[in-house]
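Here the structure is laid out as structure tokens; the discussion comes afterwards.
Only heavy atoms go into these numbers, but all of them, side chains included; no hydrogens, no water, no symmetry mates.
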Amino acid sequence: MQFVFHQRAGEQEVVLEGESFVHIFGARRTRADTTLLLRNLYDDMLYCYKITHITRKSAHLMLVSSTNSLRKSPRFSHIIWAITQPQTIQKALPVFNELGLSRLSLFWSDFSQRTLKLDLERLKRILIASCEQCGRSDLCQIEILENLPSVLKSYPKAWILDFGAEVLGEAHITTGLGLENGVVIGAEGGFSPKERKAFAHHKIFSLDSPFVLRSQTAATAVLALFSIATFG
């Protein structure tokens with residue numbers, strides 16, 4: 001764990017309780033004379049606190065110092081992903097977060113199951129836990145859009161990942177695969193014929209793979225290529 005998330009990190013005194021308290025003082029058995037590093041994931045500061053006293057359910061901390069410690073991708077990246085099984089999205093989130101994804105837009109496609117329900121608070125908790133582990137200093141944005149037309153209206157410059165389309169060359173890869181404008185990825189099964197008709201004015205590309213990729217694998221591959229282009 002690189003730091004502990006606390007929404008009030010930066011204040012002179014904070015109280016650590018709940019899951020964070022149990023993990024730090026139960027699972028990790030942190031000693032009372034240990035200093036703790038906290039972030040609020042809204043600014044770029046890393047805050048150092050000392051423990052003043054501990055009760056059975058909470059720890060009281062006092063600010064010792066703060067350091068500007070920016071740890072996020074220097075380039076904006078945006079995946080626009082058709083909603084699939086919630087468990088699939090939850091498992092993919094830590095990987096996306098570690099690869100520096102800036103925004104994840106989820107939308108209902110023709111192949112999405114409308115009976116599925118997404119718990120945005122749970123997704124946020126997963127992202128926070130991932131940041132604590134990998135050290136990232138900002139939180140990936142998550143939004144839900146109604147359907148593909150609303151996606152294309154909101155992000156008219158988005159690229160489309162659709163297997164069977166043109167495979168992009170090295171020049172496209174090094175410039176980031178259009179991730180700064182957003183890359184639209186379908187659910188399992190890709191896009192319906194009706195949805196493909198809406199792509200007439202958008203850049204459509206495919207990945208150079210002989211295999212059929214699951215939607216989360218395709219999204220991870222795009223992000224990994226973007227990360228290589230960004231960090232070399």
In this structure, would [X] and [Y] fall into the same cluster of hydrophobic residues linked by side-chain contacts under 4.5 Å?
X: Leu63; Y: Val4; answer: yes
X: Tyr42; Y: Ile128; answer: no
X: Met1; Y: Leu36; answer: yes
X: Leu118; Y: Ile79; answer: yes
X: Val64; Y: Phe3; answer: no

May I have all residue pairs that pass salt bridge (charged side-chain N to carboxylate O under 4.0 Å, His left out) and include part of [range], sequence neighbours excluded?
range: residues 61-72; result: Asp44-Lys72
range: residues 185-196; result: Asp162-Arg196
range: residues 1-19; result: Arg8-Glu11

### Task
Only counting residues at least two apart or in another chain, list the ones meeting ring pair (Phe, Tyr, Trp, His ring centres under 6.0 Å) with Phe199.
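Partners of Phe199 by the ring pair (Phe, Tyr, Trp, His ring centres under 6.0 Å) criterion, ordered by chain and then number, come out as Phe191.
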Interatomic distance, [X] atom [atom1] to [Y] atom [atom2] [nearest 0.5 angstrom]:
X: Asp138; Y: Cys131; atom1: CG; atom2: SG; value: 6.5 Å
X: Ile83; Y: Ile144; atom1: CD1; atom2: CD1; value: 5.5 Å
X: Asn40; Y: Leu46; atom1: CG; atom2: CG; value: 10.5 Å
X: Arg56; Y: Ile54; atom1: CZ; atom2: CD1; value: 14.0 Å
X: Cys140; Y: Leu123; atom1: SG; atom2: CG; value: 10.0 Å
X: Ser137; Y: Asn68; atom1: OG; atom2: CG; value: 9.0 Å

Side chain to side chain, [X] and [Y], heavy atoms closer than 4.5 Å:
X: Leu213; Y: Phe163; result: yes
X: Trp81; Y: Ser215; result: yes
X: Val184; Y: Leu161; result: no
X: Ser109; Y: Asn147; result: no
X: Lys203; Y: Ile160; result: no
X: Val183; Y: Ile185; result: yes

[X]: partners by side chain to side chain donor-acceptor pair (under 3.5 Å), with sequence neighbours left out:
X: Ser66; value: none
X: Ser58; value: Thr55
X: Arg125; value: none
X: Ser209; value: none

### Query
Do the side-chain N and O atoms of Thr84 and Arg214 include a donor-acceptor pair separated by under 3.5 angstrom?
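No.
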### Task
Write out all pairs satisfying ring pair (Phe, Tyr, Trp, His ring centres under 6.0 Å) with one or both partners inside residues 43-70, taking only residues at least two apart or from two chains.
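Sorted pair list: His53-His60.
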### Task
Could you tell me which non-hydrogen atom of Leu145 sits nearest to which non-hydrogen atom of Ser150, and how far apart they are?
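Closest approach of Leu145 to Ser150: CB-OG, 3.8 Å.
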### Task
Under the salt bridge (charged side-chain N to carboxylate O under 4.0 Å, His left out) rule, collect the residues that match up with Arg114, sequence neighbours excluded.
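Per chain and number, Arg114 pairs via salt bridge (charged side-chain N to carboxylate O under 4.0 Å, His left out) with Glu146.
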### Task
Before giving the answer on side chain to side chain contact (heavy atoms under 4.5 Å, CB included), spell out for Gln113 and Gln85 the whole-Å C-alpha distance, their side-chain angles and the decisive distance to 0.1 Å.
CA-CA 8 Å; Gln113 298 180 36; Gln85 293 291 333; 3.3 Å; yes
### Task
State whether the side chain of Ser20 and the backbone N or O of Leu16 hold a donor-acceptor pair below 3.5 Å, judged by distance alone.
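Between the backbone of Leu16 and the side chain of Ser20 there is no qualifying donor-acceptor contact (under 3.5 Å).
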Identify every side-chain donor-acceptor pair in residues 101-108 under 3.5 Å, counting partners at least two apart or on other chains, and give the distances.
{"from": "Ser102", "atom 1": "OG", "to": "Ser77", "atom 2": "N", "distance (Å)": "3.1"}
{"from": "Arg103", "atom 1": "NE", "to": "Gln141", "atom 2": "OE1", "distance (Å)": "3.1"}
{"from": "Arg103", "atom 1": "NH1", "to": "Tyr155", "atom 2": "OH", "distance (Å)": "3.3"}
{"from": "Arg103", "atom 1": "NH2", "to": "Gln141", "atom 2": "OE1", "distance (Å)": "3.2"}
{"from": "Ser105", "atom 1": "OG", "to": "His78", "atom 2": "NE2", "distance (Å)": "2.7"}
{"from": "Ser105", "atom 1": "OG", "to": "Glu143", "atom 2": "OE2", "distance (Å)": "2.6"}

Show me the side-chain donor-acceptor pairs of residues 86-100 shorter than 3.5 Å, one per line, residues at least two apart or across chains.
{"from": "Gln90", "atom 1": "OE1", "to": "Arg122", "atom 2": "NE", "distance (Å)": "3.2"}
{"from": "Asn97", "atom 1": "OD1", "to": "Arg136", "atom 2": "NH1", "distance (Å)": "3.1"}
{"from": "Asn97", "atom 1": "ND2", "to": "Ser130", "atom 2": "OG", "distance (Å)": "2.9"}

### Query
Pick from Gln2, Met45, Arg39: which one makes a side-chain contact (heavy atoms from CB on, under 4.5 Å) with Ser69?
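Per the side-chain contact (heavy atoms from CB on, under 4.5 Å) rule, the option paired with Ser69 is Arg39, out of Gln2, Met45, Arg39.
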